[in-house]
Amino acid sequence: MKIVAKTLFGLEPILSEELKALGAKNIVPLNRAIQFEGGQELLYRCNLASRLALRFLVPLSHFKAHNDRHLYQLTQKIDWSEYLDNDMTFSIDSTVYGTRFRHSQYAALKVKDAIVDQFKDKTGKRPSVDTANPDVRINLHISETEVNIALDSSGESLEKRGYRTESNEAPISETLAAALLLISGWDVKSPLIDAMTGSGTIAIEAALLAGNIPPGLFRKFGFQRWKNYNQTSFDTIEQEERNKIVPIAATIYARDIDAAALTMAKRNAQRAGVVDAIIFDLQDFTSSSPTDESATIIMNPPYGERLEEDDEMPGFYHEIGFRLKHHFPGHTVWIISGNLKALKRIGLKPNHKHKLFNGAIECRFNGYSLFKGKAADQN
C-alpha cells in the first residue's frame, strides 16, 4: 500500500534516508512529505521508530471536486464500513487551499455528512464525531479541485513523544530536536552539549538517538483503534525495535541558566528513561567552560520575539560568539535561531547553513568549526 509521511520543511532528504533504513520502498519526495510503499507491519514500525515524521497517512481516495455537492458525492463512493462502524467515533482534520473551497471547516463538514449519511442509509444509525479522542482520524487535503482523503495512522502528531509533559514558554519540538542532531552529523559517541536546554528536548533526543531507543515507545497510535489492527504483529515489531537498543556511550550535557528549567528537563528525562545518561548543569553559557577537548554543541538561544527583548538580542548573540571563539577551540557548534539579524552577531563564519522552521518561525541552523587562532591559519 501507499503511505505518506508528513514532516517539517527541509527534512525531506533525511526523512527519506530514515524511511529507507526502516524498509520503505519506492520512495518519492514531496513538499514537506515523503510517499513510499509498504505493508501493515512497516506502517507500525515507522510510527514506532521514526524520529523525523509528524504523522503517517494511508491514502483512501484521490479525486477532483468542483463544488461541495461533488465533494459529498465522491466521498460517499468510499466504503466507510471498512474503516468505521456505528460504535466507533471519528474526526476530520482538514487543510484547504484555493478558490473553489475557501473554508476548511465547511469542507470537513461536507465529508462528515457524506460519511454519516452513508451509515444512516445502510443501518439506520450513524457513528459519532469526537474531535478530542476519536477512534479513527481522517485527513482531508484540498488544493483547488484536487482532493485527497486519507486515514491518519499516527493519531496525535508523532512529535508528541509522550515524555515531555512539562515545557518552558517556547519549547523546540521533539521532531525538530532530533532533526538538528541528525543534520549536525553528531556521531552519537563523542560528547554533546545542549547549551541552553530549556525543557531538555535536545539532550533527551540525543540520548534516545545514542541508545537507538525508538521514540514511539512512550505513546499510543491511531492505528491501534483501527478495525484491522493486529496486536500480535505490533507486539512483535515493538520487541524487535526494543532489541535494537544499545548502551548510551556518549557523555551528554544539559545546561541552562535557569534552575527551574533544569528541574523540568530532568523530570522529562526521567519519563523518557534516559535521566542517568544526561549530566544536568546549572550554568550561564556566556561564562561557561568546556569539559572536553572537543564536543558537539547544539544551541537554541532565545530569539527575542518580545519587543522589549529585541534590542538586547544582538549583544547577547555577540557574547555567545565571543565565548565560543575564545573558550571552545576544537568544538563543533550548531546554532538554530529565528532572529537572523542577531545570528549575524555571532561573529563566526558558518561552514553549514540550513533553512528550517521552528513552528511558524523561519530559522537558520548554522554550523561552525572552532579553531585556535584564526580560521585562515588552519589552511
>> Using the rule side-chain hydrogen bond (donor to acceptor under 3.5 Å, both in side chains), only one of H331, K325, R323 pairs with H327; which is it?
In response: R323
>> Taking the side chain as everything from C-beta on, heavy atoms only, tell me whether I183 gets closer than 4.5 Å to L356.
In response: yes
> Taking atom CD of Q76 as the centre, does the number of heavy atoms from other residues, nucleotides or ligands within less than 6.0 Å exceed 12?
Replying inline: yes
>> Quick test of your reading: applying ring pair (Phe, Tyr, Trp, His ring centres under 6.0 Å), list the pairs with at least one residue in residues 247-271, sequence neighbours left out, ordered by first then second residue.
In response: none
> I204 and A269: which non-hydrogen atoms are nearest, and at how many Å?
Replying inline: CD1-N, 3.5 Å
> Can you name the residues that form a salt bridge (charged side-chain N to carboxylate O under 4.0 Å, His left out) with E159, not counting sequence neighbours?
Replying inline: none
> What residues, two or more places apart in sequence or in another chain, satisfy salt bridge (charged side-chain N to carboxylate O under 4.0 Å, His left out) together with R271?
Replying inline: E166
> How many angstroms lie between CG in D85 and NZ in K125, if you round to the nearest 0.5 Å?
Replying inline: 11.0 Å
>> Consider side-chain contact (heavy atoms from CB on, under 4.5 Å). Of L158, V4, L42, which one does F56 pass it with?
In response: L158
>> To check you understand the geometry: which heavy-atom pair defines the closest contact between E240 and R45, and what is its length?
In response: OE1-NH2, 2.7 Å
> For Q105, which residues count as a side-chain contact (heavy atoms from CB on, under 4.5 Å) partner, sequence neighbours excluded?
Replying inline: S94
> Side chains of D194 and T197: do they bring a donor and an acceptor to under 3.5 Å?
Replying inline: yes
>> Show, in sequence, the C-alpha distance, side-chain angles and deciding distance for N268 and S199, and conclude whether the side chain to side chain donor-acceptor pair (under 3.5 Å) test is met.
In response: CA-CA 7 Å; N268 287 334; S199 54; 4.6 Å; no
>> Testing the 3.5 Å rule here: is there a donor-acceptor pair between the side chains of D292 and T251?
In response: no
>> Using ring centroids (six-membered ring only for Trp), state whether W334 and F365 fall under 6.0 Å.
In response: yes
> Can you name the residues that form a side-chain contact (heavy atoms from CB on, under 4.5 Å) with Q239, not counting sequence neighbours?
Replying inline: R242, N243
> CG/N148 to CZ/F63 distance, rounded to the nearest 0.5 angstrom?
Replying inline: 8.5 Å
> Could you walk me through whether N133 and R225 pass the side chain to side chain donor-acceptor pair (under 3.5 Å) check?
Replying inline: CA-CA 11 Å; N133 191 28; R225 294 186 176 187; 3.2 Å; yes
>> Using side chain to side chain contact (heavy atoms under 4.5 Å, CB included), reason through N366 and L343 one step at a time and then give a plain yes or no.
In response: CA-CA 9 Å; N366 290 352; L343 190 57; 3.4 Å; yes
>> Considering only residues two or more places apart or on different chains, which pairs with a residue in residues 83-113 satisfy ring pair (Phe, Tyr, Trp, His ring centres under 6.0 Å)?
In response: Y97-H141
>> Working note: T7 + E12, criterion side chain to side chain donor-acceptor pair (under 3.5 Å); need CA distance, chi angles, decisive distance, verdict.
In response: CA-CA 7 Å; T7 192; E12 299 90 346; over 6 Å; no
>> Could you walk me through whether S153 and Y44 satisfy the side chain to side chain donor-acceptor pair (under 3.5 Å) test, starting with their C-alpha distance in whole Å, then the side-chain angles of each, then the deciding distance to 0.1 Å, before giving a yes or no?
In response: CA-CA 9 Å; S153 72; Y44 293 176; over 6 Å; no
> Above 12 or not: heavy atoms from other molecules or residues under 6.0 Å from NZ of K227?
Replying inline: yes
> What about F285 and F328, are their ring centers closer than 6.0 Å?
Replying inline: yes
>> Just verifying a value: how many Å separate H66 NE2 and E144 CD, rounded to the nearest 0.5 Å?
In response: 11.0 Å
> For atom CD of E293, is the number of surrounding heavy atoms from other residues, nucleotides or ligands below 6.0 Å larger than 12?
Replying inline: no
>> Checking F223 against F234 for the ring pair (Phe, Tyr, Trp, His ring centres under 6.0 Å) test, could you report, in this order, the C-alpha distance in whole Å, the side-chain angles of both residues, the deciding distance, and whether it holds?
In response: CA-CA 10 Å; F223 63 75; F234 178 75; 5.7 Å; yes
> Can you name the residues that form a side-chain contact (heavy atoms from CB on, under 4.5 Å) with A179, not counting sequence neighbours?
Replying inline: L11, I14, L52
>> What I want to check is whether the side chains of Q231 and Y229 have a donor and an acceptor closer together than 3.5 Å.
In response: yes
>> If the condition is salt bridge (charged side-chain N to carboxylate O under 4.0 Å, His left out), which residues does R364 pass it with, not counting sequence neighbours?
In response: E362
> With distance as the sole criterion, is a donor-acceptor pair present between the side chains of Y72 and D117 under 3.5 Å?
Replying inline: yes
>> Please give the remaining members of the hydrophobic cluster of F357, linking ILVMFWY side chains under 4.5 Å, ordered by chain and number.
In response: F9
>> With side chain to side chain contact (heavy atoms under 4.5 Å, CB included) as the criterion, how do D135 and W226 come out once you've worked through the C-alpha distance, each side chain's angles and the decisive distance to 0.1 Å?
In response: CA-CA 7 Å; D135 293 315; W226 288 4; over 6 Å; no
> Does a salt bridge link K244 with E241, judged by any charged N lying under 4.0 Å from a carboxylate O?
Replying inline: yes
> For K122, does the NZ atom have more than 12 heavy-atom neighbours from other residues, nucleotides or ligands under 6.0 Å away?
Replying inline: yes
>> List the residues meeting salt bridge (charged side-chain N to carboxylate O under 4.0 Å, His left out) with K2, not counting sequence neighbours, and say none if there are none.
In response: E37
>> For a quick test of reading the model, state the closest non-hydrogen atom pair linking T201 to A177 and the distance between them.
In response: CG2-CB, 3.8 Å
> Are a donor atom and an acceptor atom from the side chains of D235 and T232 found within less than 3.5 Å of each other?
Replying inline: no
>> Check the orientation of H354 and H352. Use parallel for under 30°, tilted for 30 to 60°, and perpendicular for over 60°.
In response: parallel
>> By the salt bridge (charged side-chain N to carboxylate O under 4.0 Å, His left out) test, which pairs, at least two apart or in different chains, include something from residues 249-259?
In response: R255-D281
>> Give me the atom names and distance for the closest heavy-atom approach of A178 to E205.
In response: CB-OE1, 3.7 Å
> Among I248, I213, L181, whose side-chain contact (heavy atoms from CB on, under 4.5 Å) with L208 holds?
Replying inline: I213
>> Could you see if I78 belongs to whatever hydrophobic cluster contains V116? Use Ile, Leu, Val, Met, Phe, Trp, Tyr and a side-chain cutoff under 4.5 Å.
In response: yes
> For the residue pair A250 and W186, what are the closest heavy atoms and their distance?
Replying inline: CB-CZ2, 3.6 Å
>> Quick test of your reading: applying salt bridge (charged side-chain N to carboxylate O under 4.0 Å, His left out), list the pairs with at least one residue in residues 50-64, sequence neighbours left out, ordered by first then second residue.
In response: R55-D152, K64-E146
> If every non-hydrogen atom of A107 is compared with every non-hydrogen atom of L71, which pair is closest and at what distance?
Replying inline: O-CD2, 3.8 Å
>> Salt bridge check, R164 against E174: does any charged N sit closer than 4.0 Å to a carboxylate O?
In response: yes
